[in-house]
There are 2 protein chains.
Amino acid sequence: MGILERSHLEIIRAVSQHGSLTAAAEKLHLTQSALSHTVRKLEEQLGLPVWYREGRSLRPTQAGEYLLSVANRLLPQLVHTEERLKQFAQGERGSLRIGMECHPCYQWLLKIVSPYLAQWPDVDVDVKQKFQFGGIGALFGYEIDMLVTPDPLYKPGLTFEPVFDYEQVLVVGPQHPLRGVEYVLPKQLSGETLITYPVAIERLDIYTLFLIPAGAAPKRHKIIETTDIMLQMVASGRGVAALPRWLVEDQSAKFDVAPVKLGKRGLAKQIFLGFREVDADIDYLRAFVDLADTHRNKARLFLH
Amino acid sequence: MGILERSHLEIIRAVSQHGSLTAAAEKLHLTQSALSHTVRKLEEQLGLPVWYREGRSLRPTQAGEYLLSVANRLLPQLVHTEERLKQFAQGERGSLRIGMECHPCYQWLLKIVSPYLAQWPDVDVDVKQKFQFGGIGALFGYEIDMLVTPDPLYKPGLTFEPVFDYEQVLVVGPQHPLRGVEYVLPKQLSGETLITYPVAIERLDIYTLFLIPAGAAPKRHKIIETTDIMLQMVASGRGVAALPRWLVEDQSAKFDVAPVKLGKRGLAKQIFLGFREVDADIDYLRAFVDLADTHRNKARLFLH
DNA sequence: AACCATCAATTATTATTTTTCATGCAATAG
DNA sequence: CTATTGCATGAAAAATAATAATTGATGGTT
């Protein structure tokens with residue numbers, strides 16, 4: 001019936017990765033001849049070439065590029081299926097692939113993961129950050145099993161549960177004129193350098209919920225990858241940043257920075273844990289959500 | 001290396017579909033013996049049973065259920081890949097699988113599809129309605145290539161473009177007391193029977209944007225599948241419905257129904273066309289969006 | 001209780017597919 | 001010009017998969 005076998009996808013991927021049939025053959029533990037045969041047969045059956053033969057090298061045709069994208073999408077899913085079944089057979093529970101869509105949540109996640117690993121010794125936790133389609137796409141595409149995000153999305157097939165409430169605050173350095181004020185208004189940032197993580201402006205709450213509604217903007221916008229460096233920059237007076245209050249207070253021993261409320265009533269935010277509904281009855285997955293929820297309630301006791 | 005082959009997924013699916021190895025073998029053009037062999041080998045390699053043998057029948061184990069879900073997800077993608085390549089080889093362009101998330105849009109879609117088919121004779125158009133995960137999940141999962149929906153979703157990996165503006169109105173029959181009034185207020189529906197398509201209340205604009213904000217509700221709620229029957233019911237005084245104005249006006253020759261504005265300012269809605277960003281440069285896909293956009297502008301001329 | 005039909009598992013055999021080996025040929029580098 | 005590298009090919013060998021023919025087990029029917 002079907003033409004495309006797993007091995008074909010495997011070959012297409014290996015050739016693209018190693019550039020030649022010979023090299024790909026080595027990786028696949030086959031001879032070059034065997035590959036050449038299968039490739040010819042595949043192209044014959046498909047009725048079109050997958051590679052242009054240019055001299056002694058191969059360049060993918062349009063069909064080849066397409067097949068490569070299919071291979072890169074499907075093969076990892078097969079591998080993951082096998083891994084999950086292997087773990088199942090060995091009495092282990094499985095693996096939990098967590099995707100992060102929110103930079104500062106990383107610190108929070110660590111606090112959940114360590115008790116979780118203790119409770120579920122047979123579950124591997126794997127934290128990922130880069131996805132082909134962004135967060136929910138990764139969920140739908142089975143690249144991850146759980147998503148940590150500030151933007152929930154109530155759509156059929158996915159469930160989101162709030163697991164963490166926090167206040168987003170402005171972080172300022174020791175000499176900063178705003179240090180110690182009760183709160184800051186959008187226009188007071190128009191002379192400032194704002195430091196953020198490298199994500200689109202639509203995903204930065206300080207823009208969407210604070211500056212843009214008031215028609216304000218900072219003087220400059222600097223991009224920093226990591227929280228530590230960001231705090232260092234702020235501490236040395238190079239700019240201001242927007243981070244969760246708990247994170248700022250956590251780090252205030254290490255860096256000389258202080259939180260300032262954003263607006264008169266502060267900027268309330270929530271973090272959500274999203275997962276596929278079909279997975280809702282996987283016990284070790286459910287347990288992660290529950291554990292996060294427990295922490296949420298604990299945190300609440302401190303709040304008021 | 002890998003254990004799971006396409007054929008295994010094919011077998012798992014066929015057995016689940018036909019209930020027995022023998023029946024599955026027939027469908028797969030194999031003998032029962034051949035299947036029994038492969039099945040035993042697969043279970044051996046995985047290290048766990050895929051089916052419980054209960055007397056002479058097979059019942060999937062937990063692992064079997066899981067494999068079945070993987071099969072149902074991956075096999076259609078392989079089939080579609082092959083189809084696309086086949087069409088490619090024959091000089092055809094490909095196929096456009098359109099998912100509909102909005103019942104009354106069907107009529108609109110027909111108006112776009114016929115000129116499209118004329119412009120792109122080598123493209124097959126396939127309209128689907130049922131998805132494993134709902135609309136965007138189907139996009140992410142490559143079940144469809146294009147989604148017609150009233151709820152756009154600006155997420156990395158997906159693009160949504162508005163293609164159709166319309167006004168949602170209440171539809172009433174010939175003897176109805178509301179017929180001819182300038183507009184209707186939410187509370188005026190509290191004695192009515194409301195007829196809707198069979199979708200969740202959260203997806204019905206008349207609830208989310210009209211009744212619920214005002215704390216109102218209809219006396220009864222009836223569910224009808226098709227637009228024609230719905231209009232027939234309304235025309236015979238069995239209830240009222242909420243539909244796009246253009247659709248009501250289109251059908252007013254066929255059914256004795258009239259539109260009534262919802263609220264003082266009317267209920268403005270938009271329909272969006274969503275697709276994967278990675279597909280943005282597929283010409284025949286782009287062309288569909290452009291064509292829909294042309295119709296939008298044409299429609300606008302009539303509006304004011 | 002005997003009989004029949006259905007189904008999965010075995011076993012031995014046959015058929016098919018895949019891989020290898022031994023080459024040839026073309027392109028490239030030195 | 002020669003050595004090298006890489007892909008293609010045909011025939012033989014090896015590995016894999018499918019089949020046919022049975023067996024044993026399980027229900028349902030009379």
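Throughout, protein chains are lettered first and strands after them, A, B, ... in sequence-line order, and every chain is numbered starting at 1.
- Base engagement by Ser33(B) is indicated by at least one non-hydrogen atom pair under 4.0 Å involving a base atom.
- The minimum heavy-atom distance linking Glu5(B) with Ser7(A) is given by the pair OE1-N, 4.4 Å.
- Protein chain B contacts DNA chain D from dA17(D) to dG27(D), reading 5' to 3' and using non-hydrogen atoms of the protein with a distance under 4.0 Å.
- Within the nucleic acid shown, Ser36(A) comes within 4.0 Å of at least one base atom, counting heavy atoms only.
- Between the side chain of Tyr142(A) and the backbone N or O of Arg73(B), no donor-acceptor pair lies under 3.5 Å.
- If Arg56(A) and Arg40(A) are placed on DNA chain D by their nearest nucleotide, the residue sitting closer to the 5' end is Arg56(A).
- Distance, His37(B) NE2 to dT14(C) P: 15 Å, rounded to whole Å.
- With the nearest nucleotide of DNA chain D identified for both Gly55(A) and Gln32(B), Gly55(A) has the one nearer the 5' end.
- Counting any heavy atom pair closer than 4.0 Å across all strands shown, Leu35(A) reaches no nucleic acid atom.
- Rounded to whole Å, atom C1' of dA8(C) lies 14 Å from atom CD of Glu54(B).
- Summarising the geometry, the separation between CZ on Arg53(B) and C1' on dT10(C) is reported as 14 Å, rounded to the nearest angstrom.
- For the pair Leu58(A) CG and dA26(C) P, the computed distance is 17 Å after rounding to whole Å.
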